[in-house]
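Positions are given from 1 along the sequence. Only this structure's heavy atoms are used, side chains among them; waters, hydrogens and symmetry mates stay out.
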Amino acid sequence: MLHRSRSTTSRNSSYIEFPSAFRTHWNKIEHRLFSQISINWRGRPLTSHEVVVSTIGATTTRSGLSVHAELDPGAYPTGVTVPDTVMERLPLTPHEWHGTWNYTLRPEPLAPEPPPPSAEFGRFPTGDKLPAWLRHPSLTGLEPAAFDDLAVRYRAWRAEHPPIFLPGKRPDGGPGAGGRRLSVSDQLVVFLLKRRWSMTNAVLAEATSLAKSRIGATLQEVTPVLTALGHKVPAGALTVTTTQQLAAIAGHDPTLP
């Protein structure tokens, strides 16, 4: 509705909203007006729209409050929602202060629709984020050919067993989450390093430059798949507690990318 009204004018419109959890708490008009309306129609049967409108309009206070009320006969369907894909295309300019609630709507058409995501979007991004040296056979316990074979089997198992999400719940790999997701190779590297070298998530986060929450989510996703595939991770000779130890095992200079 807001965009439709802006598309017929040539001016920017700025909107300032109360946070949803505090709209009643902060709305001074609601405090002044609704309490007086309740007092005015207390004990009066509200038998028709006309009675309701006239009772509201007759509300006054000694401090000078006056109310204008009229019946809107328009029909407004219920349950109408705006899809996220449309909201994301609105020509909005967020304000510096709480841009989620305060923004300017520009008199422009909706942005073009983005191209449809591929079947692998989100769950299996094509680009690897982790440095290549972390895939060294001495770290993963797998030669390149064996690693690639495990990646193929992992991808196939996930394709045959797609995750099930509750209604209304956006999957972790849904639109907007692709930048946070890891490729198949990166997912396997995180799992193999964790299991082979008994690394804590904090040390693994330092070595991979990933957030600990992302590492935890990846381990939770990969572990049941590799268990189902029957893959056994050979244990390393020590517990790795620093990135320098990991680099030394792979013969990598940690000062290099």
Side-chain angles (χ1 to χ4, degrees), residues 1-114 116-117 122 163-180 211 213-214 216-217:
M1 182 186 298
L2 292 178
H3 178 259
R4 190 177 303 160
S5 66
R6 286 296 86 217
S7 62
T8 58
T9 68
S10 59
R11 295 183 180 181
N12 292 337
S13 294
S14 294
Y15 300 89
I16 299 176
E17 302 179 13
F18 290 124
S20 57
F22 297 99
R23 285 173 183 162
T24 300
H25 178 68
W26 288 356
N27 195 331
K28 295 182 180 179
I29 296 176
E30 184 171 334
H31 282 283
R32 288 192 60 201
L33 178 63
F34 290 176
S35 60
Q36 298 300 325
I37 291 175
S38 298
I39 293 173
N40 195 41
W41 68 20
R42 181 173 55 192
R44 177 175 301 181
L46 303 177
T47 56
S48 65
H49 289 150
E50 288 73 16
V51 172
V52 172
V53 171
S54 62
T55 304
I56 293 175
T59 301
T60 59
T61 64
R62 283 183 240 177
S63 59
L65 174 69
S66 61
V67 180
H68 171 78
E70 60 182 78
L71 180 64
D72 180 2
Y76 301 95
T78 60
V80 176
T81 60
V82 180
D84 290 342
T85 53
V86 174
M87 293 294 295
E88 293 169 355
R89 294 165 53 211
L90 288 175
L92 296 177
T93 302
H95 296 180
E96 291 185 6
W97 191 81
H98 290 294
T100 303
W101 307 324
N102 309 305
Y103 49 86
T104 296
L105 184 62
R106 305 185 302 275
E108 303 170 5
L110 292 173
E113 291 190 31
I164 299 175
F165 300 101
L166 296 175
K169 297 293 184 180
R170 175 178 292 180
D172 187 37
R180 301 193 302 273
S213 60
R214 173 52 50 200

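With sequence neighbours left out, the side-chain contact (heavy atoms from CB on, under 4.5 Å) criterion links Pro77 to Val80. Partners of Glu70 according to the side-chain hydrogen bond (donor to acceptor under 3.5 Å, both in side chains) rule, which considers only residues two or more places apart in sequence or in another chain, are His68. Residues satisfying the side-chain hydrogen bond (donor to acceptor under 3.5 Å, both in side chains) test with Ser213, not counting sequence neighbours, are none. Under the side-chain contact (heavy atoms from CB on, under 4.5 Å) criterion, Ala69 pairs with Val53, Ile56, not counting sequence neighbours. By the side-chain contact (heavy atoms from CB on, under 4.5 Å) test, Thr81 is found to be paired with no residue, residues two or more places apart in sequence or in another chain being considered.
In plain terms, the two heavy atoms of Pro91 and Glu108 that are nearest each other are CG-O, 3.5 Å. Nearest approach of Leu90 to Leu110, heavy atoms of both residues: CD2-CD2, 3.5 Å. Among all heavy-atom pairs drawn from Leu92 and Tyr103, the shortest one is CD2-CD1, 3.6 Å.
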Worksheet item: Do Trp41 and Thr59 pass the side-chain contact (heavy atoms from CB on, under 4.5 Å) test, and can you show the C-alpha distance, the side-chain angles, and the key distance before you say yes or no?
Response: CA-CA 9 Å; Trp41 68 20; Thr59 301; over 6 Å; no
With a 3.5 Å cut-off and sequence neighbours excluded, list the donor-acceptor pairs that the side chains of residues 60-67 form with protein atoms.
unit_1: Thr61; atom_1: OG1; unit_2: Ser63; atom_2: OG; d: 3.0
unit_1: Thr61; atom_1: OG1; unit_2: Leu65; atom_2: N; d: 3.1

